Protein chains: 2
Amino acid sequence: MTTKERIVETALELFSQRGYDGVSVRDIARAVGIRESSLYNHFENKRAIFDGIVDVCVRQSEVYFRESALPFDQGDDTSVYRGIGLEHLQELIERTFRFFFDDPWNARFRRLLLVSQYAEPRCRDIYQQLYRDKCIAVQAYIFSALMDAGEIRREDPLAVAAEFHGPMFMWIHTCDSFEEARPLIREHVEQFRKNYEWRPTP
Amino acid sequence: MTTKERIVETALELFSQRGYDGVSVRDIARAVGIRESSLYNHFENKRAIFDGIVDVCVRQSEVYFRESALPFDQGDDTSVYRGIGLEHLQELIERTFRFFFDDPWNARFRRLLLVSQYAEPRCRDIYQQLYRDKCIAVQAYIFSALMDAGEIRREDPLAVAAEFHGPMFMWIHTCDSFEEARPLIREHVEQFRKNYEWRPTP
DNA sequence: AATAATATAGAACAAACGCTCGGAAAAGTC
DNA sequence: GACTTTTCCGAGCGTTTGTTCTATATTATT
């Protein structure tokens, strides 16, 4: 790993805990194991380190959404999820949730955006897109497929996705560990299943 | 309004935007309209200002929960909400939501806790209690009453409350104005009503 | 092996930081 | 009106901040 990469990784860890102003250039240098003057060989100034972190993480999240989540922006073809059933939802959600919660880069980046969002408009934008809009869009896509498959009752997919993602959002933001969140997520998926699974009209 | 109160109010505004380390004592003094040395007649040091804000706001929120919300910790008597029906939920929720969103003290305090939660364990605790646990407890109380009244189907009230509060939590944290959030809240309450309102077994 | 390019360290800078102090002004008490 | 208490201000304290500079190491290229 190059020094520049180590700086980014270390600074992300620090910024995500104490915020931009709570971390000094000397703090970062000490944590990396070099002197602060050496930092300036890799970044123009402190601000550039912060911006560099955001750039890297945004790029990573784009890769995630393109590869691991869905091609939900490639038209309305829901065939990717044709074989999906409600019984797969629990596992699918737990995997996604684990990524957002436990992946070291993503968990730190989420905290970074969270604590920076009111000081930095760009962070607010990314935060809203990444942890609300994109998540809801992906889930709306899945629910659309589930509706087509007759697994859940037909409703506005975006509204259903918002109902689903709301509690997820809350547990992601207020639980201290994945273990604490897991049973709550399970209960949520269970409630959701009861509420939306298709039943023949009486 | 005393100078001390003006300091607290001003510092809350600043801290909630830029965080503890992002605001200097001189910033606060300038915004209040006095010199920084005069600040030290009212507070021992910068940390005491921050702690003073938290104390004041915690006290205010306790008053709110005791007076405006519910005596939900006074036993299991749900008679306060005996007359409530599902048709009142929309209005009740919108009023509560508006308080959390628009009340200048509460909105700023929420941001303050949010941006400070990873640097200050106390803020993390208060944040979890205030915007998750207490809200869910209050709502569980209301839903308990609605179940007793046969308005919604019987389920674990805490689980139902979590389902209800999740989307609220999300919109509170990611919407930029009450006007932006209002239609989303309405849709949420509508979905919730469809999902939980009592129907005679076929 | 010589040369060029890059990374590092140490010293130093001005500016901003939290904070203290002594004296002037204001407010409250008798 | 004299006295005490509180509040304010300006100057200044030592420290930390972000950043620059120069000399020395390390690495890459020829």
Side-chain angles (χ1 to χ4, degrees), chain A residues 1-57 108 111-113 115-123, chain B residues 1-57 108 111-113 115-123:
Chain A
M1 190 161 45
T2 70
T3 307
K4 187 164 184 172
E5 287 168 337
R6 271 170 48 226
I7 293 172
V8 168
E9 190 166 342
T10 308
L12 170 59
E13 166 74 10
L14 295 177
F15 281 144
S16 68
Q17 282 177 13
R18 290 182 262 154
Y20 182 82
D21 295 298
V23 179
S24 72
V25 176
R26 281 172 180 80
D27 290 334
I28 301 172
R30 194 179 313 120
V32 172
I34 56 176
R35 300 288 164 271
E36 65 261 30
S37 52
S38 305
L39 270 179
Y40 288 86
N41 270 92
H42 305 275
F43 291 95
E44 204 177 326
N45 50 33
K46 185 187 178 185
R47 164 77 20 197
I49 300 178
F50 186 87
D51 292 340
I53 292 173
V54 175
D55 289 340
V56 168
C57 290
R108 285 170 187 154
R111 293 198 189 101
L112 177 75
L113 293 174
V115 304
S116 312
Q117 63 180 325
Y118 300 119
E120 318 241 354
R122 189 192 170 199
C123 289
Chain B
M1 188 159 49
T2 69
T3 306
K4 187 165 185 172
E5 288 169 336
R6 271 172 45 229
I7 293 172
V8 168
E9 190 167 343
T10 308
L12 169 60
E13 166 74 10
L14 295 177
F15 282 144
S16 68
Q17 282 178 12
R18 290 181 263 154
Y20 183 82
D21 294 298
V23 179
S24 73
V25 175
R26 282 171 178 83
D27 288 335
I28 301 172
R30 194 181 313 120
V32 172
I34 57 177
R35 298 291 164 267
E36 67 258 32
S37 53
S38 304
L39 269 179
Y40 289 85
N41 272 93
H42 305 275
F43 291 94
E44 205 177 325
N45 49 35
K46 186 188 178 185
R47 164 74 27 192
I49 301 177
F50 185 87
D51 292 339
I53 292 173
V54 176
D55 290 340
V56 168
C57 290
R108 285 170 188 154
R111 293 197 191 103
L112 178 74
L113 294 175
V115 303
S116 313
Q117 61 179 328
Y118 301 119
E120 318 240 353
R122 188 191 171 201
C123 289

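Computed from heavy atoms alone, side chains included, the values below leave out hydrogens, waters and symmetry copies. Letters A, B, ... are given to chains in the order of the sequence lines, protein chains preceding strands, and every chain is numbered from 1. Predicted model, so just to flag it, every value in this text is computed and none were measured.
- At a threshold of 4.5 Å between non-hydrogen side-chain atoms, the residues F15(B) and R108(B) do not count as touching.
- Between V23(B) and F50(B) the shortest side-chain heavy-atom distance does not fall below 4.5 Å.
- Counting only N and O atoms by type, the side chains of S38(B) and N41(B) include no donor and acceptor under 3.5 Å apart.
- Scanning all heavy atoms of the two residues, the minimum distance from M1(A) to E9(A) falls at SD-OE1, 3.4 Å.
- A cation-pi arrangement, defined by a distance under 6.0 Å to the six-membered ring centre and an angle within 45 degrees of its axis, is present between R47(B) and Y20(B).
- For the atom pair OG of S116(A) and CZ of R111(A), the computed distance is 13.0 Å after rounding to the nearest 0.5 Å.
- Rounding to whole angstrom units, CZ of residue F43(A) and P of dT6(C) are separated by 17 Å.
- S16(B) places a side-chain N or O within 3.5 Å of a backbone atom of E13(B) that can act as its donor or acceptor partner.
- Between the side chain of D27(A) and the backbone N or O of S24(A) there is at least one donor-acceptor pair closer than 3.5 Å.
- Heavy atoms only, all atoms of each residue included: G19(B) and V115(B) are closest at CA-CG2, 4.2 Å.
- With contacts defined as side-chain heavy-atom distances shorter than 4.5 Å, the pair F43(B)/V8(B) qualifies.
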For nucleotides 17-22 of chain C, tabulate all protein N/O to nucleotide N/O atom pairs closer than 3.5 Å, reporting atom names and distance.
from	atom 1	to	atom 2	distance (Å)
dG18(C)	OP1	K46(B)	NZ	2.8
dG18(C)	OP2	V25(B)	N	2.8
dG18(C)	N7	R26(B)	NH1	3.1
dG18(C)	O6	R26(B)	NH2	3.3
dC19(C)	OP2	Y40(B)	OH	3.2
dC19(C)	OP2	K46(B)	N	2.8

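- Of the residues in residues 1-18 of chain B, not one comes within less than 4.0 Å of DNA chain C through any heavy atom.
- On the nucleic acid side, DNA chain D has its first and last nucleotide under 4.0 Å of a heavy atom of chain A at dT17(D) to dC21(D), going 5' to 3'.
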